[in-house]
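Counting begins at 1 with the first residue of the sequence. Because the structure is a prediction, the values reported are computed rather than measured.
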Amino acid sequence: MYEYLTNHMGIKPHVASLVAETEKELSAAFARADEVCAVNQMRVLKAMQEARLSESHFGDSTGYGYHDEGRAVLEKIYANLFHAEAALVRPQLISGTHALAAALFGNLRPRDVLYSPAGKPYDTLESVIGIRAASGSLAEYGVSYRQTELIDGERFDYEAIGAELENAPKMVALQRSKGYSWRKSFTVKELGELIAFIRKKSPQTIILVDNCYGEFVDEHEPTEADLLAGSLIKNPGGGISAGGGYIVGKRELVERSAERLTAPGLGSAVGPAFGMSRNLLQGLFLAPQTVAAAVKGAILAAAVFSKAGFETNPRTFDERSDIVQAIRLNTAENVLAFCKGVQKAAPVDCFVTPEPWQMPGYSHGVVMAGGTFIQGSSIELSADAPMREPYIVYFQGGLTAAHSRAGVVFALQELDNAV
């Protein structure tokens with residue numbers, strides 16, 4: 001492959017050699033990703049078999065979508081997979097932010113308190129919550145928000161969290177992935193320990209986990225939570241789902257979320273599949289393999305760019321809980337060069353140059369490289385960065401390990417060109 005890159009795709013020999021030599025050092029880490037993939041493939045298979053998935057479930061539904069058996073089986077499979085009482089899996093959920101907003105608005109009421117024990121959430125949720133002023137936010141509806149900062153940006157401050165829980169907040173929101181921050185992504189074990197602590201201190205508090213980017217990276221999911229939410233154009237869609245999101249958890253809480261998505265009194269009973277059931281199911285079946293490919297690409301990126309002199313998070317052999325690899329590039333020029341390289345490795349729009357723009361929901365301009373088959377699909381090879389100091393780029397995805405590897409090579413070459 002590396003000879004092909006140098007002979008036919010214009011990659012400099014010293015760039016290809018650095019990546020090739022680095023990859024030889026990662027066989028044990030790659031083997032671990034394959035082991036996790038194998039377990040998760042069996043988890044998905046078992047969930048589909050237990051739901052008695054049939055070809056008849058691939059049919060279409062329109063209009064109200066009443067009695068859509070394919071949708072019902074899809075949601076049964078998700079509930080089985082996440083050990084949940086119920087699931088809402090719908091193409092009408094546009095993104096992870098939308099799924100989380102449905103769960104938040106569906107289960108919070110005026111004078112309730114939403115609490116984050118790990119600092120601010122992902123940028124797009126700031127407007128949803130009202131941390132950043134926005135029309136229709138939770139704050140406008142009289143929902144208060146509190147947060148506790150991490151210790152050294154890494155560890156939960158259990159003492160401060162315990163003090164906040166004395167006031168029994170209505171909901172605790174936990175974000176598994178790092179988002180646009182430099183903190184570590186929390187492992188399923190770490191989330192489970194915090195959830196147990198919350199349960200002991202404030203049993204009535206609803207616990208919501210933002211599971212975006214984390215599905216199938218571990219052999220388990222943070223199923224101790226009351227609600228989990230995520231996007232189908234990330235991990236669980238397997239690169240096949242053209243859109244959609246999911247919310248799983250306790251039946252009553254999921255149904256309240258559904259009523260926010262549709263309307264009170266309608267809830268989960270309506271919502272046509274628009275012929276997407278087969279793709280959503282096939283994407284879920286492929287997801288463990290696709291996620292493993294993305295994890296391998298993230299490991300390789302950490303190793304290569306560490307050797308190139310950049311700080312990475314997580315580091316090469318750290319335990320991983322999501323597919324995101326953060327790389328501190330230090331300058332705006334480096335960020336743009338990196339994203340230019342990832343775009344050049346894309347199958348779609350490889351000829352365009354990414355430029356920062358003011359994306360809806362973000363406080364800073366964001367540059368995104370993503371020549372993807374599905375718009376915004378971050379399980380496909382992509383890289384993005386808010387254009388602010390210290391200029392951190394977030395690399396993720398790759399439907400195949402070979403393509404994720406190519407993204408690393410092209411990004412490194414563009415950085416090399418920029419020197």
Testing the basics here: between [X] and [Y], what is the closest heavy-atom pair and its distance to 0.1 Å?
{"X": "Ala102", "Y": "Ile247", "result": "CB-CD1, 4.0 Å"}
{"X": "Ser202", "Y": "Leu165", "result": "CB-O, 3.9 Å"}
{"X": "Gln343", "Y": "Ala369", "result": "OE1-CA, 3.3 Å"}
{"X": "Arg90", "Y": "Ser268", "result": "NH2-O, 2.8 Å"}
{"X": "Ala383", "Y": "Val393", "result": "CB-CG2, 4.2 Å"}
{"X": "Gly249", "Y": "Val254", "result": "N-CG2, 3.5 Å"}

Checklist entry - Would Leu253 and Ile206 satisfy side-chain contact (heavy atoms from CB on, under 4.5 Å), going step by step from the backbone distance to the final call? => result CA-CA 9 Å; Leu253 304 181; Ile206 299 167; 3.8 Å; yes
Next on the checklist: The test is side-chain contact (heavy atoms from CB on, under 4.5 Å); show your working for Ile299 and Val295 and say whether it passes.
Outcome noted: CA-CA 6 Å; Ile299 293 169; Val295 169; 3.9 Å; yes
Checklist entry - Hey, mind stepping through Val248 and Leu88 against side-chain contact (heavy atoms from CB on, under 4.5 Å) and telling me if it holds? => result CA-CA 6 Å; Val248 299; Leu88 185 74; over 6 Å; no
Main chain of [Y], side chain of [X]: is a donor-acceptor contact present, judged purely on distance under 3.5 Å?
{"X": "Asp210", "Y": "Cys212", "value": "yes"}
{"X": "Ser181", "Y": "Lys178", "value": "yes"}
{"X": "Asp157", "Y": "Ala160", "value": "yes"}
{"X": "Ser54", "Y": "Ser56", "value": "yes"}
{"X": "Asp349", "Y": "Val352", "value": "no"}
{"X": "His403", "Y": "Ala345", "value": "yes"}
{"X": "Ser241", "Y": "Gly283", "value": "no"}
{"X": "Asp112", "Y": "Arg109", "value": "yes"}
{"X": "Ser404", "Y": "Gly397", "value": "yes"}
{"X": "Thr372", "Y": "Glu380", "value": "no"}

Do the charged groups of [X] and [Y] touch, with an N to O distance under 4.0 Å?
{"X": "Glu50", "Y": "Lys76", "value": "no"}
{"X": "Glu35", "Y": "Arg32", "value": "yes"}
{"X": "Arg183", "Y": "Glu154", "value": "no"}
{"X": "Arg251", "Y": "Glu255", "value": "no"}
{"X": "Asp318", "Y": "Arg315", "value": "yes"}
{"X": "Glu190", "Y": "Lys184", "value": "yes"}

Side chains of [X] and [Y], heavy atoms from C-beta outward: is any pair under 4.5 Å?
{"X": "Phe285", "Y": "Ile240", "result": "no"}
{"X": "Lys307", "Y": "Val304", "result": "no"}
{"X": "Leu81", "Y": "Leu284", "result": "yes"}
{"X": "Leu104", "Y": "Leu208", "result": "yes"}
{"X": "Ile77", "Y": "Val44", "result": "no"}
{"X": "Leu281", "Y": "Leu53", "result": "yes"}
{"X": "Val366", "Y": "Pro356", "result": "no"}
{"X": "Ser177", "Y": "Ser185", "result": "yes"}

Taking atom types as modelled and ignoring hydrogens, do the side chains of [X] and [Y] form a donor-acceptor contact shorter than 3.5 angstrom?
{"X": "Tyr246", "Y": "Glu75", "result": "no"}
{"X": "Arg176", "Y": "Ser321", "result": "yes"}
{"X": "Gln396", "Y": "Ser382", "result": "yes"}

Nearest 0.5 Å please: distance from the [atom1] atom of [X] over to the [atom2] atom of [Y].
{"X": "Leu329", "Y": "Leu415", "atom1": "CG", "atom2": "CG", "answer": "6.0 Å"}
{"X": "Leu191", "Y": "Leu228", "atom1": "CG", "atom2": "CG", "answer": "9.0 Å"}
{"X": "Gln49", "Y": "Asn80", "atom1": "CD", "atom2": "CG", "answer": "11.5 Å"}
{"X": "Ile151", "Y": "Glu159", "atom1": "CD1", "atom2": "CD", "answer": "8.5 Å"}
{"X": "Glu193", "Y": "Phe186", "atom1": "CD", "atom2": "CZ", "answer": "12.0 Å"}
{"X": "Leu93", "Y": "Ser231", "atom1": "CG", "atom2": "OG", "answer": "9.0 Å"}

Can you confirm whether [X] is buried at [atom1], in the sense that more than 12 heavy atoms of other residues, nucleotides or ligands lie under 6.0 Å from that atom?
{"X": "Lys296", "atom1": "NZ", "result": "yes"}
{"X": "Tyr141", "atom1": "OH", "result": "no"}
{"X": "Tyr64", "atom1": "OH", "result": "no"}
{"X": "Lys170", "atom1": "NZ", "result": "yes"}
{"X": "Gln289", "atom1": "CD", "result": "no"}

Checklist entry - When you look at Val89 and Leu232, which way does the side-chain contact (heavy atoms from CB on, under 4.5 Å) test go after all the steps? => result CA-CA 9 Å; Val89 188; Leu232 302 189; 3.9 Å; yes
Checklist entry - What orientation do Phe156 and Tyr158 show, parallel under 30°, tilted 30 to 60°, or perpendicular over 60°? => result perpendicular
Next on the checklist: Can you classify the ring geometry of Phe395 versus Phe338 as parallel (below 30°), tilted (30 to 60°) or perpendicular (above 60°)?
Outcome noted: perpendicular
Checklist entry - On the ring face of Tyr213, is Lys234 found with NZ or CZ under 6.0 Å from the centre and within 45° of the axis? => result yes
Checklist entry - Would Arg260 count as a cation-pi partner of Phe105, with NZ or CZ less than 6.0 Å from the six-membered ring centre and within 45° of the ring normal? => result yes
Item to check | salt bridge (charged side-chain N to carboxylate O under 4.0 Å, His left out) between Asp226 and Arg256, worked out | outcome: CA-CA 13 Å; Asp226 298 306; Arg256 288 178 185 169; over 6 Å; no
Next on the checklist: Between Tyr145 and Tyr115 (judged by ring centroids, cut-off 6.0 Å), do the two rings come close enough to count as a pair?
Outcome noted: no
Next on the checklist: Would Asn211 and Glu221 count as a side-chain hydrogen bond (donor to acceptor under 3.5 Å, both in side chains) here? Give the steps.
Outcome noted: CA-CA 8 Å; Asn211 209 32; Glu221 304 294 336; 3.1 Å; yes
